[in-house]
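In what follows, a single structure is set out as structure tokens and then discussed.
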Amino acid sequence: MKGLSVSKAVTALMLAGLVLLPLYSQLSGNIFILTLFTRIIILALAAASLNLIMGFGGMMSFGHAAYLGIGGYAVGMLAQEGLGSGFIQFPVALAASAIYALVIGALSLRTRGVYFIMITLAFAQMAYYVASGMARYGGDDGLTIYNRSDFSGLINLGNRVQFYYLCLACLFGVVFLIWRIVNSRFGLVVQGLRSNEQRMQAIGFPAKRYKLVCFVISGTMCGLAGALLANNTDFVSPAVMYWTRSGDLMVMVILGGMGTLFGPIMGAVVFLLLEEFLSQITEYWALIMGPLLLLIVLFGRGGIMGVLGRAGRG
């Protein structure tokens, strides 16, 4: 119980800090920190969506960044064609991500283990190469988005604070939805399939159908992160779909704690702040980041949330 209290206290402090960050930014005049944490929140949303299938569902997808790119390109391509309404762009981004997740899931869930990982990676690389070949939309150079999504005056995405709170609201909404899913009958079945798929099939649950639905929900959530990311950077490129970005999302989930509700958010905050801090010190920051993450994974079983739980019990 004490361990749970420690992890809950740290989580509450983190969430309160995220809510109050714009106030600190305005009082201190530090605009950069607001920009940095907007990016962190968006990638935390993507990591949380990956945690749904990886942490709760046991599906180790190595191509999750594909949905970031699909969501981003949906916004960018529609803006390029003169359709700037967010009421069109965001639903299209979600629908495109869901359809691609449905295709990937229907094929990759026929396999398991390393074969599942490789198929999801292959599909993500396929999306990367398709985007690289779209000359009309920038090709390798990426696509500049000159106007952010327009929500008819309800919210101004050009305003840093309003956009930050939109991203934060989307993150909280996704986390709440994941909580509802994993505590529902559907979510309990998915978690049961992770633990013992053969036994769950033996008692009558259609494993592939449950896992596919979970896979599509996860991809759709990540597509939302992609649409927000495109608006945040005013730019989208094939690089956002490259396999290394999927690896970053996996690290965030593992670092924070797989199968925990707020672990991916914690992992994203720590990972991206470390990346920013180390990159300010040396251009070889990855040589420091790699061993640090390795030590955390080796000696911090259960990620940051697991460490907090054990520290409280100790």
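All of these numbers come straight from a predicted model, not from anything done at the bench. Excluded from the calculations below are hydrogen atoms, water molecules and symmetry mates; all remaining heavy atoms, backbone and side chain alike, are included.
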Give a yes or no on whether L18 and V10 share a hydrophobic cluster (residues Ile, Leu, Val, Met, Phe, Trp, Tyr; joining criterion: side-chain heavy atoms under 4.5 Å apart). yes

Distance (rounded to the nearest 0.5 Å) between D248 CG and L68 CG: 10.5 Å

State, with a plain yes or no, whether a side-chain heavy atom of L20 is found less than 4.5 Å away from one of Y24. no

E81 and Y137 side chains, donor-acceptor separation under 3.5 Å: yes

Rounded at 0.5 Å granularity, tell me how far CE in M250 sits from OG in S61. 7.5 Å

Residues, nucleotides or ligands: over 12 heavy atoms within 6.0 Å of M118 CE: no

What distance separates L228 CG from L171 CG, expressed to the nearest 0.5 Å? 10.0 Å

Roughly how far, to the nearest 0.5 Å, is the OG atom of S97 from the CE atom of M221? 12.5 Å

Co-membership, hydrophobic cluster, residues L224 and I155, 4.5 Å side-chain: yes

Nearest-0.5 Å distance that lies between atom CZ in F205 and atom CG in L193: 8.5 Å

Can you tell me how the ring of F186 sits relative to the ring of Y210, calling it parallel under 30°, perpendicular over 60° and tilted otherwise? parallel

Flag yes if more than 12 heavy atoms outside N147 fall under 6.0 Å of its CG atom; otherwise flag no. no

How long is the gap from CE on M59 to OG on S218, to the nearest 0.5 Å? 7.5 Å

